[in-house]
Visitor: 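One structure, as structure tokens, below. Some questions next.
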Amino acid sequence: MKAIIVILLFTFQTLNAQTNNITGTWKGDLVFGERKMDIILDFVHNQSSLSGKLSSQSQQLKDIPLSKIQFQNTSLSFEVPLAGGKWSGELSNANELNGTWIQGPYEIPLNFKKQQNSIEFTIKKRVQTPVAPFPYHVEEVNYLNTRDNIKLAATLTIPKGEGPFPAAILLTVAGPNDRNQTHGSPQHKPFMVLADYLTKHGIAVLRADDRGVGGSEGNVFESTIEDFAHDAIAGLTYLKQRKEVDPSKIGFIGNSEGSLVGPLAASIQGETAFIITLGGISIPGSEVMLDQADAIGKIANLNQDQIKSIKGKTESVFEILRQEPDNNKVKKKLLEVLKDQDSNPSYSEEFLIPSSPEEQVRLFATDWYRFQMNYDPAPVLQKTTIPFLAIHGDIDPFVNPDKNIKAFTNHLAKAGNKEFAVVKIKNLNHVFQDANSGSPRAYNQNEISFSPRALRLIQAWLSSILH
């Protein structure tokens with residue numbers, strides 16, 4: 001699961017003439033579990049319109065334009081496309097804005113206080129983050145998922161020189177995520193690092209914002225893995241129309257949830273040249289989640305009785321979701337199960353899910369969670385015969401490497417796949433960092449965004465099958 005990600009990209013809209021009440025700098029703290037993230041708003045009134053920018057020192061974001069600002073009387077709201085979120089509230093007095101941050105199923109209080117002066121700080125970058133000028137072509141593109149009428153926004157990087165080139169489409173972990181799969185502060189941009197490396201080695205790369213994030217339309221939590229597969233197919237269709245791309249050499253590279261999307265998209269559309277899974281899933285979703293309870297429980301230093309208690313509650317959630325189709329009844333039953341969680345061990349902060357029962361209910365009752373829980377990739381994998389590479393880190397607590405390696409091997413062998421490889425890399429975590437710990441708490445402490453060992457392996461394998 002992803003934490004509340006305050007990685008935002010906005011434009012502005014015209015407001016009414018009362019904007020002078022909120023011009024200036026405002027500061028608040030977004031608290032999610034044990035995490036606290038500062039949010040800084042700067043509003044400027046120009047003639048008849050109000051524009052705004054968002055910054056965050058803790059998130060290392062600066063001067064991000066705000067979008068769909070609405071201000072009337074004392075009510076203020078704006079949207080956060082890149083995070084798939086929005087804020088709305090009231091100007092309670094000249095110096096306070098009180099309201100709520102909403103992102104998918106999460107609703108978190110977020111209040112601001114007026115500052116006397118602007119707030120300045122320096123943005124830091126991770127050592128691997130690519131910096132322009134680039135030795136390849138970079139284009140910001142849009143394309144349409146015609147089945148769902150969803151516009152997707154993406155970056156396409158194309159090697160210089162004579163084409164056509166092979167191409168890879170990158171598919172993100174469980175969302176909402178931007179096209180770079182950005183996380184941490186200073187920001188890790190692992191998909192930007194991967195795209196940069198592959199493009200420098202002669203492979204075009206398409207990476208898109210998830211639904212409802214950045215420039216992409218739709219909503220992640222109202223969608224399913226099947227919907228994401230059609231988004232991936234839309235990307236494949238778009239690349240086949242580009243003269244710089246060899247239409248017979250386009251494939252998918254997916255991390256975690258993206259590892260489910262790629263094979264499914266290939267099975268629906270066909271004409272896919274390869275699939276690479278990173279921390280990929282080859283067993284049913286509910287089994288993955290229960291395995292996570294064991295692994296994360298050990299990281300959180302819980303004893304076996306505590307882990308058993310959490311797994312029991314998780315299985316109760318699964319049972320309700322399987323048996324009750326009425327979402328209103330589901331929410332009521334889930335709340336009854338989750339209400340007594342204060343008397344039970346919890347490690348929601350490690351899982352990066354909300355801590356309150358009400359927020360958990362909103363998450364578990366989404367179409368996205370229901371589908372992921374029930375989805376079994378076996379039928380698709382057992383029919384997948386195109387070149388396939390599955391890479392796992394041996395310290396990944398979110399996708400059990402040994403269990404999923406075994407299942408990948410069995411499924412692909414049953415398919416009669418003659419060109420597949422399954423690899424486990426020592427000291428590699430779920431987001432493909434070289435690390436000593438698989439805990440998500442350690443992601444931000446790691447300076448490396450994407451393991452150079454994994455980059456070399458991916459490129460070498462692609463070179464061998466695309467010759």
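Quick note: numbers below take in every heavy atom, side chains included, and nothing from hydrogens, waters or symmetry partners.
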Visitor: Stepwise, does the side-chain contact (heavy atoms from CB on, under 4.5 Å) test hold for T25 with N117?
Guide: CA-CA 7 Å; T25 300; N117 302 303; over 6 Å; no
Visitor: Would Q433 and N429 count as a side chain to side chain donor-acceptor pair (under 3.5 Å) here? Give the steps.
Guide: CA-CA 6 Å; Q433 296 172 321; N429 65 20; 2.9 Å; yes
Visitor: How far does OG of S449 sit from NE2 of H183, to the nearest 0.5 angstrom?
Guide: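 Answer rounded to 0.5 Å: 6.5 Å.
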Visitor: Does the side chain of D231 come under 3.5 Å of the side chain of N145 through a donor N or O and an acceptor N or O?
Guide: yes
Visitor: Any ring pair (Phe, Tyr, Trp, His ring centres under 6.0 Å) pairs touching residues 222-264, not counting sequence neighbours?
Guide: Y143-Y238
Visitor: List the atom of F165, the atom of P159, and the distance in Å for their closest heavy-atom pair.
Guide: CE1-O, 3.4 Å
Visitor: Hey, is the main chain of S185 close enough, under 3.5 Å, to the side chain of N444 for a donor-acceptor pair?
Guide: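 Such a contact is found between N444 side chain and S185 backbone.
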Visitor: Count the heavy atoms of every other residue, nucleotide or ligand shown that sit under 6.0 Å from CG of N436, and state whether that count exceeds 12.
Guide: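 No, not enclosed.
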Visitor: Taking the basic N atoms (NZ, or NE/NH1/NH2) and the acidic carboxylate oxygens, is any pair closer than 4.0 Å for E244 and K160?
Guide: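 So E244 does not pair with K160 through a salt bridge.
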Visitor: Any heavy-atom pair between the side chains of P190 and M192 that's under 4.5 Å?
Guide: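 No, too far: nothing below the 4.5 Å cut-off.
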Visitor: For the backbone of V173 and the side chain of N177, can you confirm whether one donor and one acceptor N or O come within less than 3.5 Å of each other?
Guide: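 Pair found, side chain donor or acceptor close to backbone of V173.
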Visitor: What's the spacing between I40 CD1 and D42 CG if we round to 0.5 Å?
Guide: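 Answer for the CD1-CG pair, I40 versus D42, is 7.5 Å.
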Visitor: Measure the shortest side-chain to side-chain distance between T366 and F364 over non-hydrogen atoms and say whether it is less than 4.5 angstrom.
Guide: no
Visitor: Between Y369 and F221 (judged by ring centroids, cut-off 6.0 Å), do the two rings come close enough to count as a pair?
Guide: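 Here the rings of F221 and Y369 have centres that are no less than 6.0 Å from each other.
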Visitor: Would you check if the side chain of S223 reaches a backbone N or O of N219 as a donor-acceptor pair within less than 3.5 Å?
Guide: yes
Visitor: Does the side chain of E217 come within less than 4.5 Å of L152's, by heavy atoms?
Guide: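 No, too far: nothing below the 4.5 Å cut-off.
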Visitor: Give a yes or no on whether a salt bridge exists between K68 and E79, defined as a side-chain N under 4.0 angstrom from a carboxylate O.
Guide: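 Salt bridge between K68 and E79, a charged N being under 4.0 Å from a carboxylate O: yes.
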Visitor: Run the numbers on D38 and S58 for side chain to side chain donor-acceptor pair (under 3.5 Å), then give the verdict.
Guide: CA-CA 6 Å; D38 67 296; S58 64; 2.7 Å; yes
Visitor: Out of curiosity, F388 CZ to I275 CD1, how far, rounded to the nearest 0.5 Å?
Guide: 5.0 Å
Visitor: Whether the side chain of R207 engages the backbone of L156 through a donor-acceptor N/O pair (distance < 3.5 Å, no angle test) should be reported.
Guide: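 Not at all, since once roles are kept as given, no pair shorter than 3.5 Å links the two residues.
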Visitor: Do the charged groups of R242 and E139 touch, with an N to O distance under 4.0 Å?
Guide: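 Answer for the salt bridge query: yes.
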Visitor: Output yes when a side-chain donor or acceptor of T277 lies under 3.5 Å from a complementary backbone atom of G254, and no otherwise.
Guide: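 Not at all, since once roles are kept as given, no pair shorter than 3.5 Å links the two residues.
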Visitor: Are the side chain of Q59 and the backbone N or O of M37 linked by a donor-acceptor pair below 3.5 Å?
Guide: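 No, Q59 side chain to M37 backbone: no donor-acceptor pair under 3.5 Å.
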Visitor: Looking only at non-hydrogen atoms, find the nearest pair between G280 and S259 and report the distance.
Guide: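 Looking at all heavy atoms of both residues, the closest pair is CA-OG, 3.2 Å.
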Visitor: Drop me the distance from Q187's CD to K124's NZ, to the nearest 0.5 angstrom.
Guide: 13.5 Å
Visitor: Kindly indicate whether the side chain of L264, heavy atoms from C-beta on, has any atom under 4.5 Å from the side chain of I225.
Guide: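 Answer yes - side chains close enough.
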Visitor: What's the verdict on side-chain contact (heavy atoms from CB on, under 4.5 Å) for V380 and Y375, showing C-alpha distance, side-chain angles and the deciding distance?
Guide: CA-CA 11 Å; V380 167; Y375 185 69; 3.7 Å; yes
Visitor: Could you walk me through whether T385 and N417 satisfy the side chain to side chain donor-acceptor pair (under 3.5 Å) test, starting with their C-alpha distance in whole Å, then the side-chain angles of each, then the deciding distance to 0.1 Å, before giving a yes or no?
Guide: CA-CA 4 Å; T385 57; N417 192 315; 5.9 Å; no
Visitor: Once you round to the nearest 0.5 Å, how far does NZ of K313 lie from CD1 of I310?
Guide: 8.5 Å
Visitor: Please tell me if the side chains of Q269 and L236 come closer than 4.5 Å, counting only heavy atoms from C-beta onward.
Guide: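 Yes, close enough: below the 4.5 Å cut-off.
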Visitor: Considering only heavy atoms from C-beta outward, does the side chain of V205 approach that of L170 to under 4.5 Å?
Guide: yes
Visitor: Using a 3.5 Å distance criterion without hydrogens, assess whether the side chain of H188 forms a donor-acceptor pair with backbone atoms of N446.
Guide: yes
Visitor: Among F78, W101, W26, find the residue that satisfies the ring pair (Phe, Tyr, Trp, His ring centres under 6.0 Å) test when tested with W87.
Guide: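 Single ring pair (Phe, Tyr, Trp, His ring centres under 6.0 Å) partner of W87 among F78, W101, W26: F78.
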Visitor: Quick check: closest heavy atoms across Q181 and F191, and the distance to 0.1 Å?
Guide: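 For Q181 and F191, the tightest heavy-atom pair comes out as OE1-CZ, 3.3 Å.
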Visitor: With a sphere of 6.0 Å drawn around NZ of K240, does it hold more than 12 non-hydrogen atoms of other residues, nucleotides or ligands?
Guide: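 Yes, enclosed.
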Visitor: Can you see whether E419 engages W461 through a side-chain donor-acceptor pair at a distance of less than 3.5 angstrom?
Guide: no
Visitor: On a heavy-atom basis, which atom in E257 and which in W368 lie closest, and how many Å separate them?
Guide: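 Closest pair (atom of E257, atom of W368, distance): OE2-NE1, 2.7 Å.
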Visitor: Please assess E107 against R362 for the test side-chain contact (heavy atoms from CB on, under 4.5 Å), listing each intermediate value before the final yes or no.
Guide: CA-CA 9 Å; E107 295 185 14; R362 284 193 289 269; 3.8 Å; yes
Visitor: Mind running salt bridge (charged side-chain N to carboxylate O under 4.0 Å, His left out) on K424 and D402 for me, showing each step along the way?
Guide: CA-CA 8 Å; K424 182 167 66 172; D402 293 330; 2.8 Å; yes
Visitor: Any salt bridge between D29 and K27, counting N to O under 4.0 Å?
Guide: yes
Visitor: Can you list the steps and then say if I108 with V31 is a side-chain contact (heavy atoms from CB on, under 4.5 Å)?
Guide: CA-CA 8 Å; I108 303 174; V31 179; 5.6 Å; no
Visitor: For F134 and V131, which heavy atoms make the closest approach, and how far apart are they?
Guide: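 For F134 versus V131, the nearest heavy atoms are CE2-C, 3.5 Å.
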Visitor: Would you tell me whether E140 and T155 have side-chain atoms, one donor and one acceptor, within less than 3.5 Å of each other?
Guide: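 A donor-acceptor contact under 3.5 Å links the two side chains.
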Visitor: Are any of the side-chain nitrogens in R211 or E222 under 4.0 Å away from the carboxylate oxygens of its partner?
Guide: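 E222 and R211: not salt-bridged.
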Visitor: D210 side chain to V213 main-chain N or O, any donor-acceptor pair under 3.5 Å?
Guide: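 Not a single qualifying donor-acceptor pair exists.
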Visitor: Applying the side-chain hydrogen bond (donor to acceptor under 3.5 Å, both in side chains) criterion to Y136, which one of T157, D196, T199 satisfies it?
Guide: D196
Visitor: Find the distance between CG (L428) and CD1 (I395) and round it off to the nearest 0.5 Å.
Guide: 7.0 Å
Visitor: Please collect all side-chain hydrogen bond (donor to acceptor under 3.5 Å, both in side chains) contacts where either partner lies in residues 389-399, sequence neighbours excluded, each pair once.
Guide: D396-H430
Visitor: Does any part of the side chain of I253, heavy atoms only, come nearer than 4.5 Å to the side chain of L198, both counted from C-beta?
Guide: yes
Visitor: Taking the side chain from S463 and the backbone from Q459, do they hold a donor-acceptor pair closer than 3.5 Å?
Guide: no
Visitor: For the residue pair K151 and G215, what are the closest heavy atoms and their distance?
Guide: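 Scanning both residues completely, I find the closest heavy atoms to be CE-O, 3.6 Å.
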Visitor: Any donor-acceptor pair under 3.5 Å linking the side-chain atoms of N404 with those of S282?
Guide: yes
Visitor: Examine distances only and state if a side-chain atom of T224 and a backbone atom of E226 form a donor-acceptor pair shorter than 3.5 Å.
Guide: yes
Visitor: Heavy-atom distance under 4.5 Å between the side chains of L466 and P166, does that happen here?
Guide: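 Yes, side chains in contact.
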